[in-house]
Amino acid sequence: MLLIGENLNVMSKRIGEAIRQKDPEPIRKLAIAETEAGMDMLDINLGPARKDGPEIMEWVVKTVQEVTELSLSLDTTNIEAMEAGLKVHRGKALINSISARPERIAALMPLAKRYNAGFIGLTLGVEGIPRDANERGLLAAQIIAEAANYGIPEEDIWLDPIVLPVNSQQIQIQGCTEFAMMLTELAPNSKSTCGISNVSNGVPGHLRGIINRTYLIILKRYGMYSAIADAFDEELKEIAKDKKPELEALIYRVMDGEDINMADFSVDEINYIKTARVLLGQTLYSDSWLEI
Ligand code: THG
């Protein structure tokens with residue numbers, strides 16, 4: 001599974017400050033660290049970038065590509081900033097993201113075509129976040145059809161089901177998981193991705209990793225092609241790179257509804273079993289899910 005480092009994010013205090021000050025050092029350091037951590041691509045998240053968006057994006061893309069060979073996924077809602085980034089990007093860029101909203105499609109698909117970039121197709125329509133897997137499927141089909149109109153090859157579409165936080169939207173996790181199961185049939189020539197850390201948004205910090213890793217195993221089993229993820233979660237990286245077959249097999253047993261005798265497992269394994277049960281909707285989420 002391909003990993004896209006999530007850490008170069010304007011929402012992060014240190015990086016947000018460096019971007020505002022045009023201080024290249026913290027940005028270079030983080031780009032190098034994410035590259036050395038084994039990321040396959042890096043996400044550059046500038047958010048709305050209302051003021052000086054194009055200039056900032058150009059500067060950040062150049063600053064990052066001075067220290068890494070990796071391709072970048074460019075995330076901003078500012079269309080001019082997106083184009084400025086694509087213009088200076090070396091190699092094949094990824095536009096993060098194009099939803100199924102007509103104005104986003106009309107503004108961004110021509111850019112994907114012109115700059116030969118891939119794009120993340122967000123299953124988000126005029127009515128907002130879809131309620132279940134079928135709504136996600138419809139939106140994905142719309143995005144694929146629109147891309148064809150613009151002459152964008154299916155291989156350049158990375159579909160994203162929009163992962164939601166388990167603590168407030170537990171019911172939605174299943175919709176997202178089911179959509180991942182449908183995707184390889186629905187769009188066999190396209191790729192897929194997801195923001196895996198979304199699933200643990202708002203969860204106590206020390207407990208976020210196990211949720212992210214467990215959900216990654218679930219989505220990976222269904223063929224998820226890539227994930228935008230914390231570059232510095234070593235175990236998550238091992239899972240993505242097939243270095244944790246025993247842990248994956250354990251989660252599969254929970255997914256398959258096998259009888260599990262907790263007495264046979266270590267504390268660490270029991271924590272994974274409990275977390276899988278929460279993500280599969282078998283037990284209700286609470287911040288103390290590992291203690292019950
Ligand atoms: N799909 C697509 N793009 C995305 C997302 C997605 N981009 C944004 C997001 N979701 C994925 N990226 C992140 C980046 C950071 C965090 C979560 C998801 C995060 N950061 C910590 C926090 O906010 O507490 C720490 C921030 C810091 O460094 O200070 O949780 O779903 N296409």
Side-chain angles (χ1 to χ4, degrees), residues 1-20 26-27 29-31 33-34 37 39-49 57 60 71-78 81-82 85 93-101 104 108 112 117-124 128-130 136 139-140 143 156-169 172-173 175-177 179-180 183 190-213 215-216 219 224-233 236 240:
M1 198 178 194
L2 230 82
L3 288 177
I4 305 172
E6 74 180 10
N7 306 74
L8 276 160
N9 192 323
V10 73
M11 252 122 72
S12 135
K13 224 175 143 222
R14 202 161 37 95
I15 293 305
E17 195 55 27
I19 289 172
R20 280 185 290 276
I27 295 167
K29 267 200 180 132
L30 185 55
E34 284 191 79
M39 293 300 102
D40 300 292
M41 290 176 76
L42 302 182
D43 188 62
I44 307 288
N45 189 342
L46 296 189
M57 181 62 94
V60 175
S71 282
L72 310 179
S73 144
L74 307 181
D75 190 351
T76 174
T77 47
N78 181 329
M82 183 64 77
L94 188 58
I95 294 173
N96 185 6
S97 55
I98 309 182
S99 68
R101 293 172 192 259
R104 296 285 294 171
L108 288 166
F119 76 86
I120 297 177
L122 265 199
T123 55
L124 179 92
I129 294 188
R136 287 181 164 89
L139 291 164
I143 291 170
D156 285 348
I157 309 173
W158 301 47
L159 293 163
D160 181 337
I162 311 183
V163 172
L164 294 167
V166 67
N167 68 345
S168 59
Q169 313 251 34
Q172 278 271 23
I173 302 290
C176 190
T177 310
F179 176 67
L183 254 182
S190 296
K191 301 183 169 76
S192 52
T193 196
C194 60
I196 201 73
S197 304
N198 299 6
V199 73
S200 64
N201 234 320
V203 171
H206 67 291
L207 297 172
R208 290 190 68 173
I210 190 166
I211 296 193
N212 297 346
R213 295 188 293 271
Y215 200 45
L216 191 81
L219 293 178
M224 182 62 62
Y225 176 79
S226 68
I228 304 166
D230 178 5
F232 306 114
D233 184 332
L236 181 131

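Just so it is clear, the model here is predicted, and its values are computed rather than measured. Numbering of ligands and ligand atoms starts at 1, following listing order.
In terms of protein heavy-atom proximity, atom 3 (N) of ligand 1 is closest to N96 ND2, 3.1 Å. In terms of protein heavy atoms, atom 13 (C) of ligand 1 is closest to E6 OE1, 3.3 Å.
Looking only at distances, no side-chain donor or acceptor of R213 sits under 3.5 Å from a matching main-chain atom of R208. For the pair S73 (side chain) and N96 (backbone), a donor-acceptor distance under 3.5 Å is absent. A donor-acceptor contact shorter than 3.5 Å links the side chain of T123 to the backbone of D160. Of the possible donor and acceptor atoms, one in the side chain of R136 sits under 3.5 Å from a partner among the backbone N and O of P161.
Remark: atom 27 (C) of ligand 1 lies closer than 4.0 Å to at least one protein heavy atom.
In this model, a donor atom of one side chain and an acceptor atom of the other lie less than 3.5 Å apart for T177 and Y215. Looking at D230 and N212, their side chains never bring a donor and an acceptor atom within 3.5 Å of each other.
Put simply, CG on L124 and CD1 on I143 are 8.5 Å apart, with the number rounded to the nearest 0.5 Å. M82 contributes atom CE, which lies 8.5 Å from atom OG1 of T77 (distance to the nearest 0.5 angstrom).
Using a non-hydrogen distance threshold of 4.0 Å, R208 registers as a contact of ligand 1. Distances shorter than 4.0 angstrom occur between a heavy atom of N45 and an atom of ligand 1. Under a 4.0 Å heavy-atom criterion, N9 is in contact with ligand 1. For the pair I162 and ligand 1, no heavy-atom separation below 4.0 Å is found.
Contact atoms of ligand 1 toward S12: 27 (C), 28 (O), 29 (O) (distance under 4.0 Å to a heavy atom of the residue). Interface of D75 with ligand 1, defined as ligand atoms under 4.0 Å from a residue heavy atom, comprises 7 (N). Residue I120 approaches ligand 1 through these ligand atoms, each under 4.0 Å from one of its heavy atoms: 32 (N).
Between D160 and ligand 1, at least one pair of N/O atoms sits closer than 3.5 Å. Considering both main-chain and side-chain atoms, N198 comes within under 3.5 Å of ligand 1 through a nitrogen or oxygen pair.
Only side-chain heavy atoms of S197 come within less than 4.0 Å of ligand 1; its backbone N, CA, C and O stay farther off. Residue V163 does not touch ligand 1, judged by heavy-atom distances below 4.0 Å.
Under the 4.5 Å side-chain criterion, counting only non-hydrogen atoms from C-beta, S226 is in contact with I4.
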